[in-house]
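First the structure, in the form of structure tokens, and then the observations on it.
Every chain is numbered from 1, with letters handed out A, B, ... down the list of sequences. All figures in this text were calculated on a predicted structure; none of them were measured in a lab.
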Amino acid sequence: MIQKNYRTIFFGTPDFSVPILEALADLEFINLIGVVTQPDKPVGRKQELTPSPVKMWAEKHNLPVWQPKSLRTQHVLDQSKSFTPDLCVVVAYGKIIPANLLDIPQHGWLNVHASLLPKYRGASPIQAAILNGEKTTGVTLMKIDAGLDTGPVIDQQTIMLDQAENFESLHDKLGQLGADIIKKSLLPYLDGKLPLQPQDNKLATLTTVISKEDGRIEWKKSANDIYRQIRAYTPWPGAYCFWKQTRKESVEQRLKILSAKPSNSTHPLAPGHIALQDSHLTVGCGGHGLILTRIQLEGKKPLPVDEFIKGYPEFIQAVLS
RNA sequence: CGCCGGGUAGAGCAGUGGCAGCUCGCGGGGCUCAUAAUCCCGAGGUCGGGGGUUCGAAUCCCCCCCCGGCAA
């Protein structure tokens, strides 16, 4: 039996990349020669330099790790050639691969993207699927070209979104699905058995990098929109608003809404105004209200609302902004 | 030295020098066909740790530990 052996470099950074890296490492025809990831970044209150999840996994498995600040240098180009890779696999690496590197591996560069391309190209496909109330989403295995998530599709797998799907649950499912698609389709691709399907650019949509302000809740929006916003943006950047406690006049504190659900009650409430409806703590939105279930005040622990109210009884008549 | 808030009963919070409190939970009892409802009684604290000031410190001063929000 001829043992196939593809020299492969993996590019990836966050948690999402890890199950796919793991799947790749398990394939006996893949010879992982190293991992490229973003440089360690200062993180947390202490600003400690923290390695990416991909780096931690790679070090645990004694794989070489490279962390170039930029891929657009002569040094990276020379080094990439000297490694003589047959294949490069990219999963949420965090930077665009420069065109001058694309031709180095004979089998090209593959990417696992967390959406059904051409829908939701770009930085935040998982959040976008939740935010737009999609019934289904999935992962795409594609060949990288010079554009951003524009290359031809090799294979896709679809998944149904849960009614209450949130970022974390979908993130985990898609990571697993990404691992599956690598196990299933990589070898057929390398054997030339899978046709490449060009994307229909007319159907393409682009998602952008998420910023803190995207988490700001506007109570004028519908409860459903806010509900999606909470699910898409928790834990980061989090869905938040502000509350001025009566006991601390003029101090506006940030209040994160960690979990909530739209109310059935048709009784109207002014946007941002809280009231008890059918023994549920409900905030007025445009249209139906939103029932709060888990919240966190700045400087405090995350709490179920009934616990929260024990310490802040005035909250049942609060006004959020 | 990045900025700010916090640590008090099992949980959440009040309490700025003079008896350690509130809501909920927990235990026992009453009422009830019954109850997560209601009433009565009760247990439960090294006030994060150490040092200092004081007749007296949860409270003021110094040092340390831990948690969170912002920022990155």
Side-chain angles (χ1 to χ4, degrees), chain A residues 12-17 36-56 65 67-71 92-96 122-124 126-127 166-168 171 207-219 226 229-261 263-265 272 274-283 290-321:
Chain A
T13 301
D15 286 327
F16 183 77
S17 316
V36 181
T37 190
Q38 295 290 320
D40 295 1
K41 289 198 175 131
V43 110
R45 241 184 309 287
K46 296 274 153 90
Q47 294 290 280
E48 283 160 0
L49 277 184
T50 306
S52 74
V54 162
K55 179 177 177 180
M56 290 196 257
V65 175
Q67 301 177 277
K69 247 179 104 178
S70 164
L71 296 180
Y93 170 59
K95 284 197 164 62
I96 293 182
S124 54
I126 301 176
Q127 291 91 338
N166 60 38
F167 174 81
E168 282 181 296
H171 168 278
T207 64
T208 56
V209 176
I210 293 167
S211 72
K212 307 253 183 184
E213 296 85 60
D214 292 326
R216 177 68 193 263
I217 292 173
E218 287 175 48
W219 295 110
I226 297 171
Q229 183 183 13
I230 292 165
R231 288 180 290 139
Y233 291 150
T234 303
W236 196 90
Y240 61 89
C241 57
F242 291 91
W243 177 40
K244 197 183 288 183
Q245 283 190 60
T246 47
R247 68 174 86 150
K248 297 186 184 181
E249 290 162 33
S250 79
V251 182
E252 260 200 339
Q253 289 180 291
R254 180 179 297 241
L255 185 74
K256 288 188 173 178
I257 312 296
L258 302 175
S259 130
K261 61 183 177 192
S263 162
N264 297 323
S265 167
I274 293 181
L276 221 44
Q277 290 191 336
D278 306 326
S279 73
H280 295 302
L281 199 73
T282 308
V283 195
L290 190 74
I291 298 171
L292 302 181
T293 52
R294 194 173 175 79
I295 59 184
Q296 180 179 23
L297 188 63
E298 172 179 334
K300 295 296 189 176
K301 289 195 276 196
L303 287 177
V305 280
D306 51 331
E307 292 284 311
F308 187 88
I309 290 169
K310 287 173 191 166
Y312 300 91
E314 71 270 31
F315 189 68
I316 47 179
Q317 307 171 28
V319 178
L320 305 177
S321 53

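Using cut-offs of 30° and 60° on the angle between ring planes, the pair A:Tyr240 and A:Phe242 is perpendicular.
The CZ-C1' distance, from A:Phe308 to B:G68, rounds to 13 Å in whole Å. Distance CD (A:Glu307) to C1' (B:G12): 6 Å, rounded to an integer number of Å. Distance A:Gln245 CD to B:C13 C1': 10 Å, rounded to the nearest Å. Taking atom CD on A:Glu298 and atom C1' on B:G69, their separation rounds to 5 Å, with Å as the unit. Atom-to-atom, CG of A:Leu303 to P of B:A11 comes out at 12 Å; the value is rounded to the nearest Å. What separates OH of A:Tyr312 from P of B:A11 is a distance of 15 Å, to the nearest Å. Rounded to whole angstrom, the span from the CH2 atom of A:Trp243 across to the C1' atom of B:G69 amounts to 15 Å. Across the protein-nucleic acid pair, A:Ile295 atom CD1 and B:G68 atom C1' stand 15 Å apart, rounded to whole Å.
Under a 3.5 Å cut-off, the side chain of A:Ser263 and the backbone N or O of A:Ile291 do not form any donor-acceptor pair. With A:Gln296 contributing its side chain and A:Lys300 its backbone, the two residues share a donor-acceptor pair below 3.5 Å. Using modelled atom types, one side-chain atom of A:Gln229 and one backbone atom of A:Arg216 make a donor-acceptor pair closer than 3.5 Å. In this structure, the side chain of A:Thr37 engages the main chain of A:Gly12 through a donor-acceptor pair within 3.5 Å. A donor-acceptor pair is defined here as one N or O able to donate and one able to accept, closer than 3.5 Å; no such pair exists between the side chain of A:Asp278 and the backbone of A:His280.
B:U46 sits 24 Å from B:G27 when the C1' atoms are compared, rounded to a whole Å. Atom name P, nucleotides B:A9 and B:C1: the rounded distance is 36 Å, in whole Å. Here, B:C19 and B:A57 have their C1' atoms 14 Å apart, quoted to the whole Å. Here, B:C3 and B:C63 have their P atoms 15 Å apart, quoted to the whole Å. Of the C1' atoms belonging to B:G25 and B:A36, the separation is 13 Å, rounded to the nearest Å. With both ends at atom P, the span from B:U23 to B:G18 equals 23 Å, rounded to whole Å. Spacing of P atoms, B:U38 relative to B:A71, comes out at 43 Å, to the nearest Å.
At least one side-chain nitrogen or oxygen of A:Lys301 sits closer than 4.0 Å to the OP1 or OP2 atom of B:G12. Of the side-chain N and O atoms in A:Gln296, one or more sit less than 4.0 angstrom from OP1 or OP2 of B:G69.
A 3.5 Å limit on both hydrogen-bonding distances identifies B:C24 as the Watson-Crick or G-U partner of B:G10. Checking B:G5 for Watson-Crick or G-U wobble geometry (two distances, each under 3.5 Å) identifies B:C67 as its partner.
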Identify each atom pair where a protein N or O and an N or O of nucleotides 70-72 of chain B are less than 3.5 Å apart, giving names and distance.
from, atom 1, to, atom 2, distance (Å)
B:A71, OP2, A:Lys212, NZ, 2.6
B:A71, N1, A:Gly44, O, 3.3
B:A71, N1, A:Gln47, NE2, 3.1
B:A72, N3, A:Gln47, NE2, 3.3

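For A:Gln67, the CD atom counts as densely surrounded, since its 6.0 Å shell holds more than 12 non-hydrogen atoms of other residues, nucleotides or ligands. Within 6.0 Å of the NZ atom in A:Lys95, the count of heavy atoms belonging to other residues, nucleotides or ligands exceeds 12.
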